[in-house]
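Read through the structure below, which is laid out as structure tokens, and then see the notes.
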Amino acid sequence: MKKVFTVLCALMAFTLSSHAELKFHETFNRNVGTLNVGTSDASTNNTKDWYSFSGTGYIQVAEGSLSYAGYVTTGTGNKAELVGNGADDLRQFASTANGVQTGKIYAAAIINVDSLKRNTNADYFMAFGDASNSNMYARLNIQTIKTDESYTGYKLGISKNTETTVWTNAVFSPKTSHLIVLEYEFVEGATNDVVRLYIDPTSTTATPTISCDQTKANAKADISYIASVNLRKGSNTPGRVFVDEIKVATEWADLFETSEGGGDDPKPAEPVIVADEEITFMDPTYYCTFTGETYTDTLTVMAENLTEDITLTCTSPELTLSATTIAKDDADLADGKEIIVTLTPTTASPEEGSSDTIKLTSGDLTETVTVNWAAKVLTRCADVATMKAKGAEGYGWDVVVKFTGEAVVTFIESNMEEGTTFFTIEDATGAVNIDAPYWIGVTLGDKVSNILAYNGELAWGIQPFLAMDSKVKVVSRDNTVTPQEVTLAELKANAADYLLELVVVKGVELDRTVENFAQGSSKITQGEATANINLLAGNPLIGTAKPEAANVTGISSSSSGTVIRPRNAEDIETVDIGAGMEAVEAKESMEVYTIMGQRVSGLQSGVNIIRKGNSTYKVIR
């Protein structure tokens with residue numbers, strides 16, 4: 001969380017002198033929530049703060065800061081969160097008259113791609129600009145990489161304005177912090193400025209290795225001057241991207257310059273304890289905490305001139321401290337002592353949230369730290385039946401669950417344009433649909449667990465759960481679920497018992513008015529019962545020939561029990577009509593006669609006459 005040492009700074013009363021000549025340094029030492037929206041102000045040239053010049057889905061500040069070895073940061077503050085579509089922000093660091101027009105200019109930042117979308121379209125999320133609502137140069141581009149149907153990595157690239165992007169060869173994995181440096185070099189002429197990208201450089205590299213540059217395909221006009229750094233979350237931003245510790249300089253070394261103290265520290269005569277004034281526990285994704293989950297934060301305690309040790313106490317049973325005593329010499333102003341504060345909420349918070357105080361006492365001296373959190377009820381479900389039962393209690397954030405059992409993915413539907421995945425999981429107790437807004441890498445046959453989700457609204461009689469993050473755990477792959485054998489009549493009569501479960505209906509006849517399978521629904525018949533096969537876009541059955549009769553496997557996807565969704569070609573097993581009737585024979589009563597009219601107990605070789613109810617069939621075996 002944000003570490004604020006206002007009192008300490010006043011006591012120590014010295015100023016840090018910096019050798020770094022930075023044009024701009026953004027640590028996002030701001031409150032969690034919307035990054036400053038601002039308004040365009042020509043008189044100040046937008047140098048006061050960030051200005052959102054496009055869209056209303058504003059860029060957010062998320063809790064927690066990023067770090068990278070060898071890159072000096074403040075170690076405090078938060079970070080920018082880029083996710084979803086609809087915002088362009090800029091921060092102007094020079095007036096238009098003083099914008100950089102010659103030589104080189106660099107922008108460094110720590111980035112962490114937290115999750116990926118099922119979308120391979122490229123987009124840019126950071127750039128240099130001229131402080132206008134256009135003219136984004138030295139664009140840092142990103143693209144999700146698809147390998148063997150999985151979306152597990154991304155590439156970075158560079159472009160000057162809308163030039164063709166030059167991509168890195170390396171593919172990077174999510175959830176890892178990287179240091180990137182954008183470079184724009186002004187070259188004499190009209191269309192020959194150069195942009196370069198460095199990934200994970202070191203401060204000791206005199207001539208850093210270029211990850212990629214754009215010296216060719218250079219037909220676009222050069223920028224007149226650079227006066228701003230821009231952030232952007234676009235429609236093709238691959239999931240969630242975090243950005244932190246942005247520095248702008250005209251000398252490479254300035255990006256890595258350290259700060260030094262400005263003289264001896266004055267020693268306060270009176271004993272003093274200095275600590276964070278406030279700790280706020282919050283999952284940065286959901287802006288709350290959940291009951292039963294564990295959260296930790298670090299409380300740094302500093303002190304001087306103490307005559308007794310520091311005792312730490314708190315009253316809430318939901319809070320624990322890694323130590324309740326700090327030796328007076330361990331909390332020296334120069335280093336301080338770190339205490340791990342752990343929160344495990346057990347009950348839901350009131351509307352205004354929950355709070356407690358940590359008291360730090362040494363002799364007659366007492367300081368307090370306020371601890372805040374807002375907990376929502378989270379129900380852990382060891383099986384699918386418990387999850388479904390909880391879902392029947394309400395919709396939205398009123399019902400948040402974590403599936404802690406293990407279930408197999410039996411069906412997958414993906415929407416590439418929206419980057420979403422819908423999948424069905426099944427265990428011995430039932431099946432449920434999961435709507436995942438971010439690609440989480442599951443495939444058919446995966447055994448999964450650790451699904452955090454809230455209850456969606458009932459649609460077409462089906463209760464979906466919406467996954468709240470991409471942290472679904474894949475326990476194992478290539479698992480199989482044995483489909484339940486039912487008749488169409490049983491499926492319709494007991495639709496709720498089979499909803500979303502994997503079933504097989506043997507010996508059905510297919511409507512061959514259209515000879516090939518097509519997207520959408522087509523009729524199937526078993527005796528007097530009818531239903532539909534429903535094929536979604538991309539199903540490999542589409543365009544293949546329909547058999548006259550088949551054993552059909554798929555998900556029972558209708559609350560009326562009249563729709564089956566096969567997943568692939570293996571789910572349609574061709575059989576002859578005779579074999580199909582045998583499959584029904586065990587389920588439903590019928591009369592079998594020879595061609596001469598003699599009633600027999602079962603199907604005979606040759607021609608059989610089948611009578612069931614008022615219907616008569618001729619079956620050749």
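Predicted model, so just to flag it, every value in this text is computed and none were measured. By convention here, the first residue in the shown sequence is residue 1. Computed from heavy atoms alone, side chains included, the values below leave out hydrogens, waters and symmetry copies.
- Seen from the ring of Phe28, Lys79 does not count as a face-on cation partner, given the 6.0 Å and 45° thresholds.
- Across Val409 and Thr443, no two heavy atoms sit closer than the pair CB-O, 3.7 Å.
- Residues Ala531 and Leu488 share a closest heavy-atom pair of CB-CD2, 3.9 Å.
- Annotation: Glu515, atom CD; neighbour count of heavy atoms from other residues, nucleotides and ligands within 6.0 Å does not exceed 12.
- A 4.5 Å side-chain heavy-atom check between Val481 and Asp427 finds every atom pair outside the cut-off.
- Side chains of Ser449 and Glu406: a donor-acceptor N/O pair is absent below 3.5 angstrom, by distance only.
- For the pair Thr429 (side chain) and Ala385 (backbone), a donor-acceptor distance under 3.5 Å is present.
- Between the side chain of Asp383 and the backbone N or O of Thr386, at least one donor-acceptor pair lies under 3.5 Å.
- Counted by atom type alone, Thr34 and Gln60 present one or more donor-acceptor pairs between their side chains at under 3.5 Å.
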Between Trp167 and Leu156, does the side-chain contact (heavy atoms from CB on, under 4.5 Å) criterion hold? Intermediate values first, please. CA-CA 6 Å; Trp167 295 100; Leu156 295 172; 5.6 Å; no
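- Using a 3.5 Å distance cut-off with no hydrogens or angles, the side chains of Asp244 and Ser65 do not pair a donor with an acceptor.
- Residue Asn479 holds its CG atom at 10.5 Å from CG of Leu444, rounded to the nearest 0.5 Å.
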Between Ser355 and Asn372, is a side chain to side chain donor-acceptor pair (under 3.5 Å) present by the stated rule, with each step listed? CA-CA 4 Å; Ser355 65; Asn372 302 308; 4.5 Å; no
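- Between Glu548 and Arg512 there is a side-chain heavy-atom pair separated by less than 4.5 Å.
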Go through Lys233 and Asp88 one step at a time and tell me if the salt bridge (charged side-chain N to carboxylate O under 4.0 Å, His left out) criterion holds. CA-CA 7 Å; Lys233 59 171 187 165; Asp88 288 90; over 6 Å; no
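- The closest side-chain heavy-atom distance from Met126 to Ile180 is below 4.5 Å.
- In this structure, Asn36 and Asp89 approach most closely via the heavy-atom pair O-OD2, 4.1 Å.
- Dense packing is recorded around NZ of Lys175, with more than 12 heavy atoms of other residues, nucleotides or ligands lying under 6.0 Å away.
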Salt bridge (charged side-chain N to carboxylate O under 4.0 Å, His left out) assessment of Asp114 paired with Arg240: CA-CA 5 Å; Asp114 180 65; Arg240 178 181 286 105; 3.5 Å; yes
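- Ile451 CD1 to Lys471 NZ: the interatomic distance, rounded to the nearest 0.5 Å, is 14.5 Å.
- Note that CG of Leu231 is 4.0 Å distant from CH2 of Trp50, once rounded to the nearest 0.5 Å.
- Qualifying side chain to side chain contact (heavy atoms under 4.5 Å, CB included) partners for Thr379, counting only residues two or more places apart in sequence or in other chains: Val377, Cys381, Lys390, Val401.
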Are Ile564 and Leu491 close enough, and set up right, to give a side-chain contact (heavy atoms from CB on, under 4.5 Å), and what steps lead you there? CA-CA 10 Å; Ile564 298 174; Leu491 196 59; 4.0 Å; yes
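- To the nearest 0.5 Å, the span separating CG on Leu500 from OG1 on Thr424 amounts to 5.5 Å.
- Within a 6.0 Å sphere centred on OH of Tyr454, heavy atoms belonging to other residues, nucleotides or ligands number 12 at most.
- More than 12 heavy atoms of other residues, nucleotides or ligands shown are found within 6.0 angstrom of NZ on Lys155.
- Atoms CD1 and NZ, on Ile533 and Lys546 in that order, are 7.5 Å from each other to the nearest 0.5 Å.
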Begin from the C-alpha positions of Phe172 and His178 and carry the test side-chain contact (heavy atoms from CB on, under 4.5 Å) through to its verdict. CA-CA 9 Å; Phe172 301 96; His178 294 280; 3.6 Å; yes
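- Pairing each heavy atom of Lys402 with each of Leu378, the nearest pair is N-CD1, 3.7 Å.
- Gln526 places no side-chain N or O within 3.5 Å of a backbone atom of Thr487 that could act as its donor or acceptor partner.
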Could you go through Ile555 and Thr410, starting from their C-alpha distance and side-chain angles, then the distance that decides it, and tell me whether this counts as side-chain contact (heavy atoms from CB on, under 4.5 Å)? CA-CA 8 Å; Ile555 300 297; Thr410 55; 3.6 Å; yes
Walk me through whether Glu293 and Thr344 qualify under side chain to side chain donor-acceptor pair (under 3.5 Å). CA-CA 6 Å; Glu293 298 290 276; Thr344 306; over 6 Å; no
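- Nearest heavy-atom pair, Ala62 versus Phe242, reported as atom, atom and distance to 0.1 Å: CB-CE2, 4.0 Å.
- Between Val341 and Leu319, the shortest heavy-atom contact is CG1-CD2, 4.2 Å.
- With hydrogens and angles ignored, the 3.5 Å screen pairs a side-chain donor or acceptor of Asp511 with a backbone N or O of Thr513.
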Would Asp356 and Thr315 count as a side chain to side chain donor-acceptor pair (under 3.5 Å) here? Give the steps. CA-CA 7 Å; Asp356 190 24; Thr315 59; 2.8 Å; yes
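- Looking only at side-chain heavy atoms (C-beta outward), Phe465 and Ile434 come within less than 4.5 Å of each other.
- Side-chain contact between Ile425 and Val448 is present, with at least one heavy-atom pair separated by less than 4.5 Å.
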Could you walk me through whether Gln484 and Glu501 pass the side chain to side chain donor-acceptor pair (under 3.5 Å) check? CA-CA 8 Å; Gln484 303 172 78; Glu501 296 181 8; 2.5 Å; yes
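- Looking only at distances, a side-chain donor or acceptor of Asn494 sits under 3.5 Å from a matching main-chain atom of Glu490.
- Taking the six-membered ring for Trp, Phe281 and Tyr295 have ring centres at least 6.0 Å apart.
- When side chains are defined from C-beta on, Val505 does not count as touching Asn551, because their heavy atoms never get closer than 4.5 Å.
- Counting heavy atoms from C-beta outward, Thr280 and Trp373 have side chains that stay 4.5 Å or more apart.
- Of the possible polar contacts, none joining the Asn568 side chain to the Pro566 backbone as a donor-acceptor pair under 3.5 Å is found.
- To the nearest 0.5 Å, atom CG of residue Leu499 and atom OG of residue Ser556 are 6.0 Å apart.
- Ion pair Glu485/Lys506 flagged as a salt bridge, since at least one NZ, NE, NH1 or NH2 atom sits closer than 4.0 Å to an Asp/Glu carboxylate oxygen.
- Note on Arg567 versus Glu413: no salt bridge recorded, every NZ/NE/NH1/NH2 to OD/OE distance being 4.0 Å or above.
- For the pair Asn433 and Phe422, the minimum side-chain heavy-atom distance is 4.5 Å or more.
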